[in-house]
Amino acid sequence: MKAEANSAEGTKAGAKPERRHFLRDIIEEDLRTGKYGGRVHTRFPPEPNGYLHIGHAKSICLNFGLAKEYGGLCNLRFDDTNPTKEEMEYVKSIQEDVRWLGFDWEDRLYYASDYFEQLYEYAVQLIKKGKAYVCDLSADEIREYRGTLTEPGKESPYRNRSVEENLDLFRRMRAGEFPNGARTLRARIDMSSPNLNLRDPVMYRILHATHHRTGDTWCIYPTYDWAHGQSDSMEGITHSICTLEFADHRPLYDWFLDELGIYHPQQIEFARLNLTYTVMSKRKLLQLVEEKHVDGWDDPRMPTISGLRRRGYTPESIREFAERIGVSRSESTVDMASLEDCIRDDLNKRAQRVMAVLRPLKVVIENYPDGMVEELDAVNNPEDASMGTRKVPFSKVIYIERDDFREDPPKKYFRLSPGAEVRLRYAYIIKCTDVVKDEKTGEIVELRCTYDPETRSGSQQRSRRVKGTIHWVSAPHALNAEVRLYDRLFTVEDPSGDDWKSFINPNSLELLRNCKVEPSLATAKAQDRFQFERMGYFCVDYDSTADHLVFNRTVTLRDTWAKIEKS
RNA sequence: UGGGGUGUAGCCAAGCGGUAAGGCAGCGGCCUUUGGAGCCGCCAUUCCCAGGUUCGAAUCCUGGCACCCCAGCCA
């Protein structure tokens with residue numbers, strides 16, 4: 001069925017075919033062979049040590065999306081095995097972000113910490129089998145004993161303790177008899193394995209720390225490697241989807257599961273998402289926040305879900321992005337332009353059009369009657385007639401964009417210049433007759449124009465045509481607004497390396513405090529999205545109030561003029 | 001000089017022995033009261049390289065090369 005959907009016809013019909021990828025192949029094959037009795041059960045397993053970013057969105061769309069697509073289930077499970085880095089604030093934000101993206105874990109909200117007792121029991125089982133032991137080596141010593149990439153490691157002198165001693169020591173570790181780092185519980189595998197993960201990895205470490213959920217119940221905590229596979233197993237996960245760097249760990253997870261003799265999910269790795277002009281590691285994002293390079297995790301410049309949300313991205317656009325980029329096992333860095341195309345595409349269809357002048361230049365229409373006001377009809381969305389029309393007031397004094405006037409126009413400049421004509425959107429054709437400048441600075445402070453009453457928009461205007469159309473706002477009716485213009489956070493495509501912070505774009509935020517917007521925006525509420533005609537897509541920021549409107553620029557419109565002018 | 005991965009266009013990415021999908025970007029043109037949107041067209045004689053197998057190879061084999069990941073009591 002899906003194959004046919006790939007025809008040009010299927011694409012045009014609007015029922016977008018899912019693109020082919022190896023995860024779908026594997027799942028379909030498993031479904032066909034009945035490998036898991038027809039079940040598809042995935043999970044999204046974040047550690048609550050930071051906010052989710054667009055890379056996580058890819059994983060969320062994969063896990064929740066695939067489950068939904070094949071009639072399965074997807075759990076949300078917090079991998080909260082490290083109390084020193086995890087916080088409740090993060091578990092809250094993660095849930096909010098997953099929900100906002102449009103996914104639902106129903107009653108399947110789990111925590112690795114829910115399994116601490118069971119994990120402890122499993123560990124005891126391995127000790128009893130002689131497959132795990134308490135080791136007294138320090139962290140440094142363990143590293144030395146581990147060997148290197150090319151040389152085998154050495155066995156710990158504590159490796160051959162008796163089962164009884166191990167059981168006793170492990171019990172006392174749990175009881176809190178030893179200080180942090182004094183001992184660990186290690187799997188007894190193979191110190192000469194070419195896979196370093198198999199050189200007696202640590203399963204438990206002593207951490208006298210308060211856990212955000214279990215409080216002080218525990219002072220030993222399972223490592224991720226020890227907890228993850230068993231958590232998946234306990235939840236009956238069929239397809240345990242994770243990123244490439246865990247491929248090396250798979251033999252370890254397999255070993256644990258096999259030694260324990262419990263249900264065995266299959267792990268499948270995919271390449272994590274990288275995006276140009278941004279960073280994606282939680283460590284770096286945390287640093288940007290803590291060092292105040294941005295205004296918090298939800299700063300609109302951040303690639304976090306909450307940042308994108310505040311920036312004005314829609315869940316639909318992010319899901320579409322996840323689908324467009326596909327999924328594979330090769331390292332990739334997706335062009336930011338691709339993400340931007342997704343939001344433009346979505347907002348083009350849904351955003352209400354509105355007129356807003358970001359850098360106002362006053363224009364007096366000399367032959368327009370004093371005090372007269374006309375209510376002109378404006379289309380709310382040319383892509384969607386059902387969104388209707390609205391009235392926009394027009395009067396003798398208006399504001400236009402400073403950039404829409406050039407005293408000395410370059411070639412192919414279709415906007416206003418001395419003596420030139422331009423159409424005011426939904427209104428009249430005007431002609432610039434005079435330029436008023438500040439005597440001292442020479443700055444243009446006002447334009448004098450005349451209008452042609454015969455050219456009113458909507459009238460039988462077949463008479464005259466001009467090349468350019470510009471937007472405007474009636475001065476006496478205009479609302480003041482603050483507009484935050486966001487640009488890419490970094491100046492280079494790949495801000496990696498030790499000096500990554502030196503690539504932070506000093507102009508990633510431009511604050512415009514004297515913008516003029518049309519009166520219909522008076523009732524706009526936080527998160528409402530608009531297209532400011534000819535300028536871009538904007539959304540109302542959380543900081544916005546009735547007497548102080550604040551808009552964030554989500555993305556500019558495609559600007560072919562900017563390209564022409566550049567060349 | 002260990003192990004695990006990956007190499008298809010500027011960026012993603014299909015392709016699974018039968019003659020290189022699609023998207024983004026870019027470039028032309030049409031259309032347009034948003035220099036937006038939309039529409040039309042162009043954009044890999046070749047798939048990291050070299051051999052080999054085959055009537056036929058991006059797909060199979062052999063040998064190279066390049067890049068990524070692993071030496072946390074992080075995840």
Side-chain angles (χ1 to χ4, degrees), chain A residues 6 11 17 19-21 25 45-47 49 79 81-82 84-85 135 137-139 142-144 146-153 180-181 183-186 193-199 201-207 221 223-225 227-228 242-251 269 271 273 276 282-283 323-342 344-345 348-349 353 355 379 382-383 412-415 423-427 429 455 457-458 461 465-471 493 531-536 556-565:
Chain A
N6 272 322
T11 320
R19 67 183 310 146
R20 239 20 270 174
H21 65 233
D25 290 344
E47 182 192 13
N49 68 342
D79 262 324
T81 55
N82 186 352
T84 65
K85 290 188 177 166
C135 182
L137 255 25
S138 69
I142 285 185
R143 188 179 321 115
E144 284 165 29
R146 186 157 30 225
T148 69
L149 294 178
T150 51
E151 299 158 318
N180 287 354
R183 298 181 214 265
T184 56
L185 182 74
R186 295 227 256 162
S193 171
N195 181 343
L196 306 225
N197 294 120
L198 264 21
R199 319 244 262 227
V202 171
M203 297 164 62
Y204 276 93
R205 66 290 213 189
I206 298 172
L207 243 34
Y221 289 92
T223 57
Y224 172 87
D225 276 348
H228 195 79
C242 66
T243 44
L244 249 27
E245 66 269 29
F246 293 104
D248 284 342
H249 297 237
R250 193 177 53 223
E269 309 87 14
L273 170 68
T276 56
K282 278 202 228 173
R283 196 197 102 240
E323 190 60 31
R324 279 192 201 180
I325 59 177
V327 51
S328 73
R329 291 176 66 89
S330 51
E331 307 282 338
S332 63
T333 302
V334 176
D335 194 333
M336 181 67 90
S338 188
L339 213 212
E340 291 177 344
D341 184 69
C342 290
R344 283 198 189 100
D345 191 45
N348 174 50
K349 294 173 204 137
R353 270 60 168 175
M355 290 199 284
V379 173
E383 305 294 316
K412 299 217 280 200
Y413 184 81
F414 303 149
R415 286 114 93 155
R423 161 139 243 135
L424 292 177
R425 174 132 242 231
Y426 298 125
I429 290 175
T455 58
S457 189
Q461 96 276 20
R465 289 193 147 205
V466 286
K467 210 73 175 204
T469 299
I470 63 174
H471 59 97
E493 282 194 21
Q531 183 196 101
F532 287 179
E533 292 215 27
R534 303 204 311 129
M535 302 306 287
T556 60
L557 251 32
R558 241 185 227 95
D559 191 350
T560 52
W561 167 244
K563 275 182 206 163
I564 294 170
E565 206 179 21

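Sequence lines set the chain letters: A, B, ... in the order given, protein chains first and strands last, and positions in each chain run from 1.
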Can you measure [X] atom [atom1] to [N] atom [atom2] for me and round it to whole angstrom units?
{"X": "D335(A)", "N": "rA9(B)", "atom1": "CG", "atom2": "P", "result": "15 Å"}
{"X": "R344(A)", "N": "rU34(B)", "atom1": "CZ", "atom2": "P", "result": "18 Å"}
{"X": "E47(A)", "N": "rA75(B)", "atom1": "CD", "atom2": "P", "result": "6 Å"}
{"X": "E533(A)", "N": "rG36(B)", "atom1": "CD", "atom2": "P", "result": "13 Å"}
{"X": "E340(A)", "N": "rC11(B)", "atom1": "CD", "atom2": "P", "result": "18 Å"}
{"X": "D225(A)", "N": "rG72(B)", "atom1": "CG", "atom2": "P", "result": "13 Å"}
{"X": "E493(A)", "N": "rA25(B)", "atom1": "CD", "atom2": "P", "result": "14 Å"}

Please give the nucleotide sitting opposite [N] as a Watson-Crick or G-U wobble pair, both distances under 3.5 Å, or none.
{"N": "rG2(B)", "result": "rC70(B)"}
{"N": "rG18(B)", "result": "rC55(B)"}
{"N": "rC65(B)", "result": "rG7(B)"}
{"N": "rC27(B)", "result": "rG41(B)"}

With rounding to the closest Å, how many angstrom separate the [atom1] atoms on [N] and [M]?
{"N": "rC55(B)", "M": "rG3(B)", "atom1": "C1'", "answer": "42 Å"}
{"N": "rC16(B)", "M": "rU54(B)", "atom1": "P", "answer": "23 Å"}
{"N": "rC42(B)", "M": "rA25(B)", "atom1": "C1'", "answer": "14 Å"}

Note to self: Looking at Y224(A) and N82(A), would you say the former's side chain and the latter's main chain have a donor-acceptor pair under 3.5 Å?
What the structure shows: no
Can a side chain N or O of [X] be found less than 4.0 Å away from OP1 or OP2 on [N]?
{"X": "K467(A)", "N": "rU33(B)", "result": "no"}
{"X": "R205(A)", "N": "rC74(B)", "result": "yes"}
{"X": "T469(A)", "N": "rU32(B)", "result": "no"}

Would you say the side chain of [X] and the base of [N] hold a donor-acceptor pair, judged only by whether the two atoms sit under 3.5 Å apart?
{"X": "R465(A)", "N": "rU33(B)", "value": "no"}
{"X": "S457(A)", "N": "rU33(B)", "value": "yes"}
{"X": "R143(A)", "N": "rG72(B)", "value": "no"}
{"X": "R534(A)", "N": "rU34(B)", "value": "no"}

Next item on the list: Using a strict 4.0 Å threshold on nitrogen-to-oxygen distance, state whether K563(A) and D559(A) make a salt bridge.
Entry: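 No.
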Are any protein N/O atoms closer than 3.5 Å to N/O atoms in nucleotides 68-70 of chain B? If there are, list each pair with its distance.
residue	atom	partner	partner atom	Å
rC68(B)	O2'	E331(A)	OE2	2.9

Item checked: RNA chain B: 5'-proximal contact among D25(A) and Y426(A) (nearest heavy atom) -> D25(A)
Note to self: Return whichever of K412(A) or T81(A) has its heavy-atom-nearest nucleotide of RNA chain B closer to the 5' end.
What the structure shows: K412(A)
Next item on the list: Write down the atom of R186(A), the atom of V202(A), and the distance for their closest heavy-atom approach.
Entry: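 Closest heavy-atom pair between R186(A) and V202(A): CD-CG2, 4.0 Å.
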Item checked: Pairs touching residues 326-338 of chain A that satisfy salt bridge (charged side-chain N to carboxylate O under 4.0 Å, His left out), sequence neighbours left out -> E269(A)-R329(A)
